[in-house]
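Since the structure comes first, as structure tokens, the remarks are kept for the end.
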Amino acid sequence: MLRAFLVDDELLALKRLTRMLSATERVEIVGSTTDPVDAEAFLTLQPCDLLFLDIEMPVLNGFDLLARLDPQPLVIFTTAYSQYALQAFETNSIDYLLKPIEPAQLDRALNKIERIRGGGEHAPDLQALITQLRSAIEPRDVKYPDRVSSRTGERIEFVELNRITHFYASDKLTFAATSAKSHAIDLTIAELEQKLDPRKFVRIHRGTLVNVDYVHELHSWFGGKMLLRLKDEKKTELAVSRDRAKEIKERLGL
């Protein structure tokens, strides 16, 4: 049975992964922690076969921690990144679990690790992978738009992004909300997430993208969710889904 160690700075995510792995009865969990520094100390003395590793963590991120381990175990990254990084994972024959982790994802990842250990699949070049992932994830010199267009019949209106408090999906349409009104636009929330500056706009729900400059308050809510209040005239309240809570807190410096 594989001896696994788990590292994730989000306690709820760590507990969820622990429960899911225990239910598979395919691995022995030799330890877990929310602190990558503690993980380094443990793994230096007690190497494991398999490391479940979050990427974005304080003090040491996942890449930095992995670089300090010798020998390096097989790694399954757990990540909230849903765009640039995934191609790097796939092309380098290593596996990843996209948060929130689902049982089918976990089974797929464990199957791949077993194939690697059994010689049926080559282990990845971790150093090459880390280099590729860093370049994919770290900020790049990208030119982002400063406005979006809203079409009404033959009329096109341009709306500056610094006036938009949030984007939301409703009745199969997407709207850009300002203090004055909501403007229908031709892009989906997913397309906007790819197109706009991620330092300014963050997705807090499947159907909502918020301008962080307009965030006034953030409150804990039931089921691990959060409630976000904007500093617009209506004091708009928006729900933050559980799997997006960590990202919005980090973006707000919490």
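Each residue takes its place number in the sequence, starting with 1.
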From the list Ile164, Leu192, Leu173, side chain to side chain contact (heavy atoms under 4.5 Å, CB included) with Ile185 holds only for Leu192

Mind checking whether [X] and [Y] sit in one hydrophobic cluster, side chains of I, L, V, M, F, W, Y counted as touching below 4.5 Å?
| X | Y | answer |
| --- | --- | --- |
| Val240 | Val215 | yes |
| Phe77 | Leu65 | yes |
| Val212 | Phe201 | no |
| Met226 | Leu228 | yes |
| Leu230 | Phe167 | no |

Taking ring-ring contact (aromatic ring centres under 6.0 Å, His included) as the cut-off, I'd like each qualifying pair that reaches into residues 8-48, sequence neighbours left out, listed once.
Phe5-Phe42

More than 12 heavy atoms of other residues, nucleotides or ligands under 6.0 Å from CZ of Arg151: is that the case?
no

Do Leu21 and Leu6 pass the side-chain contact (heavy atoms from CB on, under 4.5 Å) test, and can you show the C-alpha distance, the side-chain angles, and the key distance before you say yes or no?
CA-CA 10 Å; Leu21 282 170; Leu6 287 53; 3.9 Å; yes

Side-chain ion pair, [X] and [Y], N-O less than 4.0 Å:
| X | Y | value |
| --- | --- | --- |
| Glu237 | Arg229 | yes |
| Arg199 | Asp197 | yes |
| Arg244 | Glu193 | yes |

Between [X] and [Y], what is the shortest heavy-atom contact and its length?
| X | Y | result |
| --- | --- | --- |
| Ser22 | Ile29 | OG-CD1, 3.9 Å |
| Gln72 | Leu69 | CG-O, 3.1 Å |
| Leu66 | Leu51 | CD1-CD2, 4.3 Å |
| Ile204 | Ala239 | CD1-O, 3.7 Å |
| Ser150 | Ala184 | OG-O, 2.7 Å |
| Leu43 | Cys48 | CD2-SG, 3.7 Å |

Rounded to the nearest 0.5 Å, how far does [atom2] of [Y] lie from [atom1] of [X]?
| X | Y | atom1 | atom2 | value |
| --- | --- | --- | --- | --- |
| Leu106 | Arg26 | CG | CZ | 8.0 Å |
| Ile248 | Leu238 | CD1 | CG | 10.0 Å |
| Leu161 | Asp146 | CG | CG | 6.5 Å |
| Asp54 | Leu14 | CG | CG | 9.5 Å |
| Asp9 | Leu60 | CG | CG | 11.5 Å |
| Thr24 | Asp107 | OG1 | CG | 7.0 Å |

Would you say [X]'s side chain and [Y]'s backbone share a donor-acceptor pair under 3.5 angstrom?
| X | Y | result |
| --- | --- | --- |
| Arg3 | Pro47 | yes |
| Asn61 | Glu56 | no |
| Lys231 | Asp213 | yes |
| Arg203 | Arg206 | yes |
| Thr188 | Glu191 | yes |

Step by step, work out the side-chain contact (heavy atoms from CB on, under 4.5 Å) result for Asn111 and Arg108.
CA-CA 5 Å; Asn111 289 340; Arg108 180 205 66 200; 5.5 Å; no

Output all residues satisfying ring-ring contact (aromatic ring centres under 6.0 Å, His included) with Tyr168, sequence neighbours left out; order by chain, then residue number.
His166, Phe175

[Y] side chain reached by [X] side chain, heavy atoms, under 4.5 Å:
| X | Y | result |
| --- | --- | --- |
| Leu74 | Asp49 | no |
| Tyr144 | Leu196 | no |
| Arg117 | Leu50 | no |
| Gln46 | Val30 | no |

Asn162: what forms a side chain to side chain donor-acceptor pair (under 3.5 Å) with it, not counting sequence neighbours?
none

Assess the side chains of Asn211 and Arg163: does a donor N or O sit below 3.5 Å from an acceptor N or O?
no

When you check the side-chain N and O atoms of Ser241 and Asp243, is any donor under 3.5 Å from an acceptor?
yes

Mind running side-chain contact (heavy atoms from CB on, under 4.5 Å) on Thr236 and Thr165 for me, showing each step along the way?
CA-CA 9 Å; Thr236 302; Thr165 60; 5.9 Å; no

Assess the residue pair Val148 and His183 against the criterion (side-chain contact (heavy atoms from CB on, under 4.5 Å)); give the C-alpha distance rounded to whole Å, side-chain angles, the decisive distance to 0.1 Å, and a yes or no.
CA-CA 10 Å; Val148 292; His183 305 261; over 6 Å; no

